[in-house]
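This report concerns only the one structure given below.
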Amino acid sequence: MKKFTISTSKPYDVIIDRDILSDTGKFIGERFEKCKACVITDNVVNSYFVDQVVQSLNDNGFKTTRIIFPNGEHSKSLNTYAKILEALAEDFFTRTDIIVAVGGGIVGDIAGFAAATYLRGISYVQIPTTYLSAIDSSVGGKTSVNLLGGKNLVGAYWQPSLVLCDYGTFDSLAPEYILEGKAEAAKSAIVSDANLIPFIQSNDFQHVVERCISIKKSIVEADEGDRGLRQLLNFGHTIGHGIEKLSAFTVSHGQAVAKGMVVETKAAYAMGLTPNDISAEISTILEGLGFDLSVSQSSDDLYRYALTDKKIFGDKITVVVPESIGKCKLHKLPMEKLREFIDLGMK
Ligand code: GLY
């Protein structure tokens, strides 16, 4: 078992091991008095893992309820969020009760946002069951839902009280879901640690999860509010979120971020923001992992979507500039240059 303590405004542990779901109640019981625990999940995850989580919580004295919503990005909506809040109110949840999110990034983000806002904030525990959510979204306290106008446009920074990461859950994932995680793992490697690449290639989940969490820990501790350094973790997402949304989510998040990383790398070099063109190197790594890097959306549409990017502050947008594999920097690009940036990346 590996444990990281994330020393943010509210410190919490991330516990990483195989086959620990049946100990959920014990780990949570070490941190909370017996209380009501609302387990939030989707219908797919529910049929795999949630019974053992609920059983363990019940065995350890928690009084559980369960909210299950349909799997998929369309559920990450204000509508689902409102239903969760109404269910918590109907069950008379109080500020000493907790939410337990069991699932991938969509479940974690929406359950976290409900926790951040119900009664102005209650505690929640993240139990990521996908590779992607284990290495990225479950840690760091970003919570959100989508608007029709764009991904994650409503949310809050609200740190979990515990993250329980059981990488044994990845055994149940179809190869395309493993690929999703590889995109975010490759992002962490390109941003911060070139040595991680072979471990991603060989599916060494334990090492990749531990290393990605350790990278995320140091970045989030330095910039919890996402005003500076943390924006490095958004590499590939300015374009990637656009590809995802414009494809009506037929292109998955990981696939879109992989394409976005290449477009943004080409753009940064072509704009003269770095003397090193490492786009071919990044493409080789991503294609080797199994990504299709073609982009069918137009520059026009990607530009319009990029105007919703959360890295826009006033008249500048922060872009990530890769200098070598494992080393990236941030650059504040004037908004009037954004159109040219995207055009150059798409060439
Ligand atoms: N997923 C990027 C972040 O947490 O900042």
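Remember, it's 1-based here, ligands and their atoms both numbered in the order they're listed.
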For E176, the side chain to side chain contact (heavy atoms under 4.5 Å, CB included) test, sequence neighbours excluded, returns A174
Per the under 4.0 Å non-hydrogen criterion, ligand 1 touches D136, K142, K216, R230, L233
Applying side chain to side chain contact (heavy atoms under 4.5 Å, CB included) to T96 and not counting sequence neighbours gives T94
Short side-chain donor-acceptor distance under 3.5 Å, T117 and Y81:
yes
- Task: Say whether N46 and R66, considering side chains only, have a donor N or O and an acceptor N or O under 3.5 Å apart.
- Result: yes
Residue set satisfying side chain to side chain donor-acceptor pair (under 3.5 Å) with D166, at least two apart, ordered chain then number -> none
Could you check whether F170 and F205 have their ring centres less than 6.0 Å apart? yes
